[in-house]
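First up is the structure itself, then whatever we jot down about it.
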Amino acid sequence: MSQLYERYSAAALATATRVLGDRVEAEDVVQEVFVRIWERAADYDTGRGSVAAWVMSSIRNASIDRIRRRDAQRRAVDASAAEPRAQPEKGEFPEDLKRVNAAVAQLPPDQRQAIELAYFEGLSQSEIAARLKQPLGTVKTRVRLAMQKLRAALAGLAEVPE
Amino acid sequence: MTHAEFQDLCAAHALGALDGEERGALEAHLAECAACRRLVAENVEATAGLAAALKPIEPPTALRDRILVAARASTPRFTGPRAVIPSWAVPAAAAAALLVGVWFGAKLQEVSKGPSALQAELEKVRGDNAKLREEIETNRRTLAELQTKEVKFMADAAMGEMSGGIGAEAALGKVFWHKNEVHVMAAGLPMPPEGKGYQVWALVDGMKPMPGNVFTPNAAGAMAGAGEIVGIPQGKVVKFAVTVEPIAGVKEPTGAMIMTPMEKK
């Protein structure tokens with residue numbers, strides 16, 4: 001648990017802050033998730049994915065749940081705090097996730113935007129289409145292609161044909 | 001919807017971006033399709049890269065302290081699949097939780113130590129952690145295998161009930177059996193005399209009682225366990241009883257009948 005915290009807390013706080021746009025709430029989510037991880041450590045199933053994915057998806061899902069619960073007006077007021085503050089490198093992701101990280105940076109902007117709206121803002125594909133004023137089919141294609149590239153990066157493949 | 005069409009939905013599902021109808025259809029498909037479940041898992045794995053792409057934010061020390069305090073006040077628990085968990089499997093899960101607990105307890109103590117001591121122990125803990133995870137995983141697999149075995153057994157098993165005999169009037173018990181495998185659970189039992197335990201017997205009209213295992217109840221008067229009783233005939237009415245016998249067990253009942261077959265009303 002302590003090791004997990006040392007390794008992932010900075011990325012977890014960055015993710016929660018990115019989703020919630022509120023540092024205080026983000027810290028609450030990080031606390032909630034790490035305590036839950038401690039409670040359920042014995043349930044961690046290595047067959048279902050890496051620890052990094054487990055921790056980060058828990059953080060993301062808890063943040064999205066919280067954002068859906070809270071007052072929409074509050075979110076608008078706090079939106080200015082949404083940008084994460086730059087900090088020294090901290091936290092050590094496994095090599096394969098670093099590859100995915102690099103692949104994210106290389107995604108075409110429209111594909112990256114589509115999956116970030118889903119991941120960080122909890123929007124469905126139809127909501128993304130409405131937000132971007134794009135056809136639903138276009139958004140679906142962007143999401144599919146973007147995730148295909150990230151999976152390929154995770155698997156260590158050089159590139160995936162579109 | 002074809003399998004290929006479902007595969008196309010897996011990426012959006014991992015992002016939580018599917019709209020209601022598609023999500024419902026995919027979730028129903030996932031219940032039956034291991035390949036698509038794997039694809040969703042791979043996509044979930046890839047989404048962690050989105051988090052990794054953010055600039056990390058160093059949490060304040062106070063947050064770490066709050067988490068340690070909250071974790072100390074919390075109890076780790078094991079929540080496996082909702083299946084019948086045989087009593088003999090519980091120690092495996094408990095051992096897994098205990099291993100994590102011991103390790104985490106050690107980490108809590110580190111809070112009061114200096115940075116150099118922390119650094120030195122951190123390296124050791126990193127090594128220990130990998131071993132603990134392996135042990136937890138082994139325990140989880142063992143538990144999963146036992147649960148599967150138990151569910152299969154219970155699907156085929158017949159059940160017999162027992163009530164308390166003299167000196168154990170409040171006792172109640174159930175026996176599940178299939179072929180020669182017999183699982184016993186009982187409650188409300190007094191502690192047996194020193195050197196004695198409770199031996200289970202299978203009773204069939206016209207046959208000698210067939211001996212089963214000897215059990216000892218816990219402090220709360222409950223006992224549970226499994227074993228074999230050789231020679232239970234198929235297609236006959238089988239009842240079960242429990243007698244007080246030496247711990248090593250006997251071939252024919254010699255002691256008082258502490259539990260008797262419950263007659264159908």
Side-chain angles (χ1 to χ4, degrees), chain A residues 1-3 5 9-11 13-15 17-18 27 30-31 34-35 38-43 45-46 48-50 52-53 56-57 59-60 64 84-91 93 97-98 100-101 103-105 115-116 118-119 122-126 128 140 143-144 147-148 150-151 153-154, chain B residues 8-12 14-20 22-23 39 41-60 62-64 66-68 70-71 73-80 93 96-97 99-100 103-104 107-108 110 122 125-126 129 133 136-137 139-140:
Chain A
M1 161 76 164
S2 183
Q3 188 187 4
Y5 184 81
S9 58
L13 185 55
T15 301
T17 305
R18 172 72 173 77
E27 288 185 14
V30 170
Q31 176 176 340
F34 273 90
V35 171
W38 152 241
E39 289 172 342
R40 297 179 183 174
D43 285 351
D45 183 351
T46 52
R48 291 176 60 188
S50 71
M56 299 321 300
S57 63
I59 289 284
R60 182 265 179 189
I64 294 289
R85 296 166 220 173
Q87 295 286 335
E89 280 293 325
K90 167 83 178 167
F93 274 90
L97 285 185
K98 288 179 183 168
V100 180
N101 181 348
V104 170
I115 60 173
E116 286 189 341
Y119 190 77
L123 299 187
S124 70
Q125 293 183 122
S126 58
I128 295 168
K140 287 183 173 181
V143 166
R144 188 167 48 78
M147 292 305 296
Q148 204 172 13
L150 299 193
R151 279 205 325 278
L154 191 65
Chain B
D8 280 348
L9 298 181
C10 288
L15 286 164
L18 281 185
D19 290 292
E22 286 180 327
R23 187 174 66 238
L39 189 54
E42 286 171 16
N43 276 290
V44 169
E45 196 76 19
T47 61
L50 286 167
L54 293 175
K55 286 182 181 171
I57 298 178
E58 179 74 23
L63 176 60
R64 184 179 188 279
R66 286 210 311 268
I67 291 171
L68 287 172
S74 173
T75 307
R77 59 197 168 84
F78 184 88
T79 53
L99 287 167
V100 175
W103 167 67
F104 188 65
K107 292 307 298 174
L108 284 174
E110 287 181 6
L122 182 60
V125 167
R126 281 184 175 148
N129 187 28
R133 288 206 171 284
I136 288 167
E137 179 61 16
N139 285 334
R140 283 186 52 76

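Per chain, numbering begins at 1; letters A, B, ... match sequence-line order.
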Which atoms form the tightest heavy-atom contact between A/Arg151 and B/Asn43, and what is the distance? NH1-OD1, 3.1 Å
Is there side-chain contact between B/Pro60 and A/Glu27, with at least one heavy-atom pair below 4.5 Å? yes
Considering non-hydrogen atoms only, spot the tightest contact between A/Val104 and B/Gly49 and give its length. CG2-O, 3.9 Å
Less than 4.5 Å apart, side chain to side chain, heavy atoms only: is that true for B/Thr47 and A/Arg60? no
At their closest point, which heavy atom of A/Ile115 faces which heavy atom of B/Leu15, and how far apart are they? CG2-CD1, 3.6 Å
Contact class of A/Ser126 relative to chain B, heavy atoms under 4.5 angstrom: both
Nearest 0.5 angstrom please: B/Leu63 CG to A/Leu13 CG, how far? 7.0 Å
What closest approach, in Å, do A/Ser9 and B/Pro59 show between heavy atoms, and which atom pair accounts for it? OG-CG, 3.4 Å
Might you point out which heavy atoms bring B/Ala17 and A/Ala118 nearest each other, and give the distance in Å? CB-CB, 3.7 Å
So how far is it from A/Arg18 CZ to B/Ile57 CD1, rounded to the nearest 0.5 Å? 11.0 Å
Any residue meeting side-chain contact (heavy atoms from CB on, under 4.5 Å) with B/Asp8, in chain and number order, not counting sequence neighbours: A/Arg144
Please find the pair of heavy atoms, one from A/Met147 and one from B/Ala46, that lie closest to each other, and give the distance. CE-CB, 4.1 Å
